[in-house]
2 protein chains.
Amino acid sequence: MLKKANRMSLVEQVISQIENLIESGHWTVGSKLPPEMELMEKFEVSRNTLREAIHALVHAGLLETKQGSGTIVRSSSALEATMHRHIAKSNLVETLEVRLALEREAAQLAAKRRGEEDIDILKTCIKQCRNAADKGELEEFISADIKFHKSLVKAANNQLLQDLYEHMTDPLYFSIQDVMVMDSEFDYEKEIHSELLEAICQKNVEDATKYVNEYINEFKKRLSR
Amino acid sequence: MLKKANRMSLVEQVISQIENLIESGHWTVGSKLPPEMELMEKFEVSRNTLREAIHALVHAGLLETKQGSGTIVRSSSALEATMHRHIAKSNLVETLEVRLALEREAAQLAAKRRGEEDIDILKTCIKQCRNAADKGELEEFISADIKFHKSLVKAANNQLLQDLYEHMTDPLYFSIQDVMVMDSEFDYEKEIHSELLEAICQKNVEDATKYVNEYINEFKKRLSR
DNA sequence: ATAAACCAATCATCCTACAACTTTTAAGGG
DNA sequence: CCCTTAAAAGTTGTAGGATGATTGGTTTAT
């Protein structure tokens with residue numbers, strides 16, 4: 001089953017394997033892990049070793065155990081879990097400020113490094129935004145809007161930036177929604193996004209900076225109301 | 001010694017207490033923990049419970065155990081440890097980009113919200129930079145320079161931003177040093193910092209933005225060489 | 001004096017047993 | 001037959017002991 005990687009302890013090996021099973025999607029978020037007995041046999045370790053591994057992951061935020069019930073997958077990424085905890089302790093405005101800082105940088109980087117397929121995705125997002133706005137579907141609009149911003153960050157081609165942004169955006173979903181709902185100026189959003197996309201498309205960093213700053217300032221204005 | 005917080009499992013309680021002892025400085029980074037036997041008695045738990053707690057902290061990156069030798073404190077913050085691991089996997093440029101994104105935002109926020117004591121600290125840092133530059137003490141200069149940037153971020157008055165920045169800066173210390181050494185244009189650094197401080201002092205957001213962007217662009221230019 | 005052998009301290013792993021909690025099953029009364 | 005309730009089974013939590021593996025220092029022999 002497992003080879004003797006002498007540099008890693010048994011516990012570390014088990015932790016690693018469990019992490020892989022979670023990250024690979026074999027155990028999805030929310031699903032229940034097999035009981036300890038089965039896992040002991042599966043990994044060929046004692047109960048202590050297995051439990052130490054599981055507890056390490058519980059503390060890391062990836063798993064959650066309930067006595068008498070079982071162990072479930074709580075999160076699929078250690079960074080996400082750490083961010084969750086940290087965000088829970090800080091206030092909403094602070095988190096949004098950081099998120100916008102990342103977005104500002106992302107727009108500038110995207111203008112330099114975006115690929116052709118990024119453009120396609122962003123265009124699709126804007127189309128979805130327009131459709132939703134025309135139909136007056138607020139929920140749908142916000143969903144497409146967030147997708148646009150995530151895609152924008154992805155186009156920046158920086159994995160760490162993307163990870164941080166997404167792990168910061170997801171826990172804030174409803175808060176963002178609230179800010180967006182405050183005044184539903186669909187048209188404004190639509191325009192900004194189009195202009196920003198155009199700048200990124202032409203790799204015009206200055207314009208991209210200008211438009212993303214406009215958007216961020218508008219967002220912050222709403223936030224302070 | 002042991003408080004009965006029945007909400008938490010014994011393991012979690014032990015983890016919490018160890019974390020507190022580390023964060024409070026009772027056990028400093030690099031120091032050795034007492035052997036398991038003593039800790040068992042101190043926390044009044046069994047060996048399994050204690051070991052599960054210690055291993056959780058090992059996996060979190062706060063502790064490090066060596067068979068036959070003992071357990072030492074490796075880091076004092078979970079976020080820092082997570083960052084360390086994540087940064088180790090992504091490349092240097094990506095991390096620096098994110099760090100600069102945070103710094104850009106910090107400068108703008110600092111221009112709005114800095115207190116009087118922030119100004120004093122920043123002035124002191126610049127003074128130290130100048131002294132070190134005049135004496136040609138590179139090491140000292142870089143140290144003071146980093147302190148200036150950290151203080152700048154602190155003046156932004158955003159705890160999450162500060163935590164992320166610091167935990168991103170510390171693991172990059174030597175990399176930053178390398179970039180700074182590349183060409184030691186002390187004068188340039190000195191000027192930018194003075195101008196930036198002046199803008200922050202006068203709560204002039206536009207100027208602060210301008211100067212921090214200059215600094216960041218210069219830094220990035222060096223990075224790409 | 002140096003290197004090999006030894007020894008004590010310490011962590012790593014495994015084992016068994018029982019306690020506490022949850023879910024499922026079954027029994028009993030209406 | 002249905003509902004309530006009690007028993008049973010399943011699962012994680014805690015305890016304590018036994019043995020192996022590794023490290024660091026000490027002693028001993030050359």
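Per chain, numbering begins at 1; letters A, B, ... match sequence-line order.
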Inset, instruction - Indicate yes or no for a side-chain donor-acceptor contact from B/Ser24 to the backbone of B/Leu21 under 3.5 Å, with no hydrogens or angles considered. - result: yes

Roughly, in whole Å, what's the span from [atom1] in [X] to [atom2] in [N]?
X	N	atom1	atom2	answer
B/Met37	C/dA12	CE	C1'	15 Å
A/Ile54	D/dT11	CD1	P	13 Å
A/Leu10	D/dA21	CG	C1'	12 Å
B/Ile72	D/dG24	CD1	C1'	15 Å
A/Glu64	D/dT12	CD	P	13 Å
B/Glu36	D/dT14	CD	P	17 Å
A/Gln13	C/dA12	CD	P	13 Å
A/Leu50	C/dT13	CG	C1'	13 Å

Legend entry - From NZ (A/Lys42) to CD (A/Gln17), nearest 0.5 Å: 8.5 Å

Legend entry - Check: D/dG13 base within 3.5 Å donor-acceptor of B/Asn48 side chain: no

Legend entry - Exceeds 12 heavy-atom contacts within 6.0 angstrom, atom NZ of A/Lys154: no

Inset, instruction - Can you establish whether the number of heavy atoms outside B/Arg104 located under 6.0 Å from its atom CZ is more than 12? - result: yes

Inset, instruction - Please check if any side-chain donor atom of B/Asp163 sits under 3.5 Å from a side-chain acceptor atom of B/Gln159, or the reverse. - result: yes

Inset, instruction - For A/Asn48 and A/Glu52, test the side chains for any donor-to-acceptor distance below 3.5 angstrom and give the result as yes or no. - result: no

Inset, instruction - Hey, which sits more toward the 5' end of DNA chain C by its nearest nucleotide, A/Arg47 or B/Gly70? - result: B/Gly70

Close N/O contacts between protein and nucleotides 4-10 of chain D (under 3.5 Å):
from, atom 1, to, atom 2, distance (Å)
D/dG10, N2, A/Gly68, O, 3.3

Inset, instruction - Verify the contact: side-chain N or O of A/Arg51 to OP1 or OP2 of D/dT12, cut-off strictly under 4.0 Å; return yes or no. - result: no

Inset, instruction - Check whether any side-chain nitrogen or oxygen of B/Thr49 sits under 4.0 Å from OP1 or OP2 of D/dG13, and answer yes or no. - result: no

Legend entry - Of B/Lys66 and B/Met40, the one whose closest DNA chain D nucleotide lies more 5': B/Met40

Legend entry - Distance-minimising heavy-atom pair for B/Phe148 and B/Leu122: O-CD2, 3.5 Å

